[in-house]
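Reminder, nothing fancy here: chain letters follow the sequence lines and each chain counts from 1.
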Number of protein chains: 2
Amino acid sequence: MATRAARGFGQYSGVARAVERVGERWALLIVRDLLGGARRYSDLKASLPRIPTNILSDRLKELQEAGVIRRVPTVRGGYELTELGHGLEPVVAALERWGWAVLGEPGEAETVSSDSLAFALRAAFRPDVAATLPPTEYVLHVAEVSLSAIVVGATLDVAPVGQGALPQPRRRSALEPVPQTVLELTVAPAALRDLLSGTDAARPRLDADPELVDRFTRTFRIEPAAPTPGALEVGVA
Amino acid sequence: MATRAARGFGQYSGVARAVERVGERWALLIVRDLLGGARRYSDLKASLPRIPTNILSDRLKELQEAGVIRRVPTVRGGYELTELGHGLEPVVAALERWGWAVLGEPGEAETVSSDSLAFALRAAFRPDVAATLPPTEYVLHVAEVSLSAIVVGATLDVAPVGQGALPQPRRRSALEPVPQTVLELTVAPAALRDLLSGTDAARPRLDADPELVDRFTRTFRIEPAAPTPGALEVGVA
DNA sequence: CGGGATCCCAAGCGATACTG
DNA sequence: CAGTATCGCTTGGGATCCCG
């Protein structure tokens, strides 16, 4: 369509092109969910309860045209990321980390999805710290979703507690001895935010082994809008 | 406005919240330009030639409400990032890097702005490699913009060749001896893309010292959609 | 003259109904 | 289950106008 050109930003720039491709409303949330593995149309619709079905349909088409996702040939209504789509992981992870700093309290009618929670854990995971700790399974219950995060060495393996939807490559932890140490936590969404940001506020109220809770907060952390030490800080002038 | 709630995604999630705050059309391009330092309304309008003036005005208001930018008190029409806004740098940098992989050829009517080029260089800068090379100034002419990038050790200092608009903290290189080695390059936008992505295609046609060109391509590089080795790769299942 | 505000139209979004 | 069709509403685009 000619609209594409008209909707562009008129700039030959990386950011502009990226936003043209994946900046439409809902698009990056779809990508985030697909970063957890292949999903069916109905899975996405369930994970994103407020997305209108025509918009989901439009976005899936556009993301296919952009080469970000493809259909899973063997599954009706199945979609998965292409390699290019997987390249968006740093983008989505950066958004996730910044977003936690401005999360605030949950609005009424705001829900927590299994995919969003799983992605948050993966974005918060600190492999270097985890490598120094014993193997542990964390079972989280947040609002109406539950998932299990198994940490062995520097690796993290997250899966919903119910069970997965599409046949995925079997979780790695099924191939190995599962750690005996299990921390089961039931927390409100905002309390999880405090836990992950290192705020001590939520911790004392948790009815769980304090040492394991400490292990959790050291393994998973999202700094509140870190000023990002790195190449880009240099020479801003 | 009550629209804000209605326009939300209904999810208590970092990505969702981030996109609600800075996902509106043009918003991240404004942030990108402000990552180069404070800018006036007219600077932004000139950097983003296709933005309607009302949209620029709306976005600036929204970004202020979101705590991402603030006005510069001493300068009429001046805006700058807050600390929270600076926290978006990893987001914009990740978009920039992914965007280069899908840049393609410049569309007709697509332009290159000084701010976008400067940001691309900063996103492509590899401080660890630069630290091993002698101090060098690179003067780039791409389409109708020109800028100077001074690399000394692991630090990069980019400035437009004309001159800056708002009084900025003086560029660091003004305080130090400027490197005598200067590489001046005049390249088409798409050729710069090839240079930065490490493709050898553009190099032989450059009329410049091959060793300095090599130094440039080692100092500045954007891998074409790297599969990002890191925490998030682990345990996708 | 730079920094915005107003207007109108077109395009995109959201809700619901409907079909293979 | 996996979408398509339709319709009203909201937002963005472009030009113009206003104000200090």
> Is the phosphate of D/dG3, meaning OP1 or OP2, less than 4.0 Å from a side-chain N or O of A/Y79?
Replying inline: yes
>> Can you list, in residue-number order, the parts of residues 54-61 of chain A that come under 4.0 Å of DNA chain C, counting heavy atoms only?
In response: A/N54, A/I55, A/R59
> To the nearest angstrom, how far is A/L63 atom CG from D/dG3 atom P?
Replying inline: 14 Å
> For B/R76, which contact category applies under a 4.0 Å heavy-atom criterion: base, sugar-phosphate, or nothing?
Replying inline: sugar-phosphate
> Would you call the rings of A/F220 and A/F125 parallel, tilted or perpendicular if under 30° counts as parallel and over 60° as perpendicular?
Replying inline: tilted
> Roughly how many Å is it from CZ in A/R50 to P in C/dG14, rounded to a whole number?
Replying inline: 9 Å
> Whole-Å distance between C/dA5 C1' and B/I51 CD1?
Replying inline: 15 Å
> How long is the line joining OH of B/Y41 and C1' of D/dC18, in whole Å?
Replying inline: 13 Å
> Heavy-atom distance under 4.5 Å between the side chains of A/L121 and A/L147, does that happen here?
Replying inline: yes
> Contact class for B/S42 vs. all strands (heavy atom < 4.0 Å): base, sugar-phosphate, or nothing?
Replying inline: sugar-phosphate
>> Dot-bracket, 5' to 3', for DNA chain D please: Watson-Crick or G-U pairs under 3.5 Å, [ ] where pairs cross earlier ones, | where the partner sits on another strand, dots elsewhere.
In response: .|||||||||||||||||||
> Are A/R193 and A/E105 within salt-bridge range, i.e. N to O under 4.0 Å?
Replying inline: yes
>> Filter on ring pair (Phe, Tyr, Trp, His ring centres under 6.0 Å), then keep only pairs touching residues 41-65 of chain B, sequence neighbours left out; what's left?
In response: none
> What closest approach, in Å, do A/E96 and A/A120 show between heavy atoms, and which atom pair accounts for it?
Replying inline: OE2-CB, 3.3 Å
> Should B/R25 be listed as having a side-chain N or O under 4.0 Å from OP1 or OP2 of D/dG13?
Replying inline: yes
> Whole-Å distance between D/dC1 P and A/R71 CZ?
Replying inline: 16 Å
> What is the distance, rounded to the nearest whole Å, between atom CZ of B/R7 and atom C1' of D/dG12?
Replying inline: 10 Å
> In whole angstroms, how far is the P atom of C/dC13 from the CG atom of A/L48?
Replying inline: 14 Å
>> Taking the side chain as everything from C-beta on, heavy atoms only, tell me whether A/L56 gets closer than 4.5 Å to A/W26.
In response: no
>> side chain to side chain contact (heavy atoms under 4.5 Å, CB included), that's the test. Do A/H86 and A/L35 meet it? Break it down for me.
In response: CA-CA 7 Å; A/H86 259 102; A/L35 279 169; 4.0 Å; yes
>> Could you tell me how far apart A/L44 (CG) and D/dA2 (C1') are, to the nearest whole angstrom?
In response: 12 Å
> Do A/R21 and A/V68 come within less than 4.5 Å of each other through their side chains, counting heavy atoms only?
Replying inline: no
> Heavy-atom distance under 4.5 Å between the side chains of A/L192 and A/L117, does that happen here?
Replying inline: yes
>> Please confirm whether the shortest side-chain N or O distance from A/W26 to OP1 or OP2 of C/dG14 is below 4.0 Å.
In response: yes
